[in-house]
Amino acid sequence: VGFNDIDNNGLAGLELSLDGMLREIDEPLRSSIDLRLQHIVSDELDKKIQEFDAKAGAGVMMDVHTGEVLAMVSLPTYDPHAPQLAHKDQRFNRAAQGVYELGSVFKLFTVAMALDEGVIQQEDKFDISRPLTVGNRVIRDAYPKAAMLNAEEILERSSNIGAAQIGLKVGGTLQRDFLDRFGFLSASPLEIAEVGDPLIPDHWRTIRTATISYGHGLSVSPVQLATGVSALVNGGYMVKPTLLKVQEGQRVERRPVISHHTSQIMRHLMEQSVVDGTGSKAAVS
């Protein structure tokens, strides 16, 4: 939401970016944020920061069909009524402004890309029995296993070796184009100034193709990740993330990035990664 100065001029967040609109309209401007969900995410995030003695944390909840951000939390936070007392670390929006190498979640996009482009079939097997050498880099798995795995099993075991092999089979040119379609190579179009620019490799070399396949070598924001995953599961459509309430009857702009069939497959694979794979802590009743 941000805050104003003493003369009611917006200085941060929606108060800044929508300052002109707020002055022109005579009715309230509705945010997409659901205060109940915002409270829950903030509370749970704070518990985990305490549990793991973390420096900070971020959490995002998004409606996959409309792009509405229902909750967006960055901790530590500050009192918007007294922003002058806030340290810059408290005012930094880690959910939208911070960009990070987000790791294994990127394996979802690698598998979706390969399936959607017809580079692999679901039953294709990849040998993860030994480390993979790419140039002078050796790629290993956190949980090594002498096995031949298909795409579903690679996601279930979160295999870096398997994901890298799939990425290399797709190739760097197609990988870059695919990630660009999902909005990972430019800043999020969220309606606030506090959004971060992704950190993109200067040269998309073979080793980058391999490491980006499992989430290293490309840094994006959590909001960008939530937007991209929304497209994986909502039938294959990119929708613009928004902090404004989508009104009843309002048309939501969306563009296809993968087929409906691939989206169905990805929903199944994501569920299996929780039910039978390493994502078991994400299982909810």
Side-chain angles (χ1 to χ4, degrees), residues 56-60 62 67 72 74 92-117 119-120 126 132-142 151 154-155 158-190 194-233 236 238-241 255 257-258 262 266 269-270 273 278-279:
V60 179
M62 182 178 289
M72 184 169 70
S74 176
F92 185 75
N93 186 336
R94 289 169 174 80
Q97 197 171 6
V99 294
Y100 315 94
E101 291 182 320
L102 291 174
S104 291
V105 289
F106 258 74
K107 293 167 186 169
L108 295 171
F109 300 99
T110 300
V111 169
M113 168 180 62
L115 290 172
D116 200 62
E117 297 292 341
V119 175
I120 69 168
F126 296 85
L132 178 66
T133 301
V134 181
N136 61 356
R137 185 83 170 265
V138 178
I139 296 170
R140 295 181 169 85
D141 278 350
I154 285 171
L155 288 180
S158 194
S159 170
N160 296 341
I161 298 169
Q165 288 182 75
I166 293 174
L168 291 171
K169 191 167 185 178
V170 170
T173 300
L174 189 55
Q175 181 190 51
R176 182 171 185 141
D177 290 345
F178 186 85
L179 294 177
D180 192 25
R181 297 207 309 262
F182 276 76
F184 290 126
L185 305 188
S186 55
S188 172
L190 209 60
E194 299 86 0
V195 294
D197 291 316
L199 299 180
I200 305 166
D202 292 331
H203 304 287
W204 210 282
R205 298 188 178 96
T206 302
I207 184 60
R208 287 300 187 195
T209 298
T211 61
I212 289 172
S213 297
Y214 57 88
H216 293 274
L218 176 67
S219 297
V220 301
S221 70
V223 164
Q224 286 178 289
L225 174 68
T227 306
V229 172
S230 293
L232 288 184
V233 301
M238 277 294 288
V239 291
K240 180 182 176 182
R255 56 182 174 84
V257 286
I258 57 173
T262 301
M266 293 311 299
L269 297 185
M270 288 174 68
S273 293
T278 56

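To the nearest 0.5 angstrom, I258 atom CD1 is 11.0 Å from M238 atom CE. L132 contributes atom CG, which lies 11.0 Å from atom CZ of R137 (distance to the nearest 0.5 angstrom). We find the CZ-CD1 distance between F126 and I166 to be 4.5 Å, quoted to the nearest 0.5 Å. Annotation: the span from D197 atom CG to Q97 atom CD amounts to 10.0 Å, rounded to 0.5 Å. One finds the CG atom of L102 at 8.0 Å from the OG atom of S221 (value rounded to the nearest 0.5 Å). Distance OG1/T262 to CE/M113: 12.0 Å, rounded to 0.5 Å.
Contact of the Y214 side chain with the S159 side chain is not registered, since no non-hydrogen atoms from C-beta on lie closer than 4.5 Å. Taking the side chain as every heavy atom from C-beta outward, N160 and R140 never approach each other to under 4.5 Å. Here the side chains of L179 and Q175 are in contact, with some heavy-atom distance below 4.5 Å. In this structure, the side chains of L185 and L218 come closer than 4.5 Å at one or more pairs of heavy atoms.
For Q224 (side chain) and G183 (main-chain N/O), a donor-acceptor pair under 3.5 Å exists by modelled atom type. The closest donor-acceptor contact from the side chain of R205 to the backbone of G172 lies at 3.5 Å or more, if one exists at all.
Under the side-chain contact (heavy atoms from CB on, under 4.5 Å) criterion, A210 pairs with V134, I139, A164, L168, sequence neighbours left out.
Minimum heavy-atom separation, I154 to G162: CD1-CA, 3.7 Å. Here the closest heavy-atom approach between residue A231 and residue V257 is recorded as CB-CG2, 3.9 Å. Among all heavy-atom pairs drawn from R176 and P201, the shortest one is NH1-O, 4.4 Å.
Salt bridge annotation for R208-E101: absent, with no cationic side-chain nitrogen under 4.0 angstrom from a carboxylate oxygen.
The closest side-chain donor-acceptor pair between S158 and T278, if any, does not fall under 3.5 angstrom. At a cut-off of 3.5 Å, with distance as the only test, no side-chain donor of N93 or S74 sits close to an acceptor on the other residue. Side chains of K107 and T110: no donor on one and acceptor on the other come within 3.5 Å.
Atom CZ of R94 sits in a crowded spot, with more than 12 heavy atoms from other residues, nucleotides or ligands closer than 6.0 Å.
Taking the six-membered ring where tryptophan is involved, the planes of F109 and F182 are perpendicular, since the angle between them exceeds 60° and thus also 30°.
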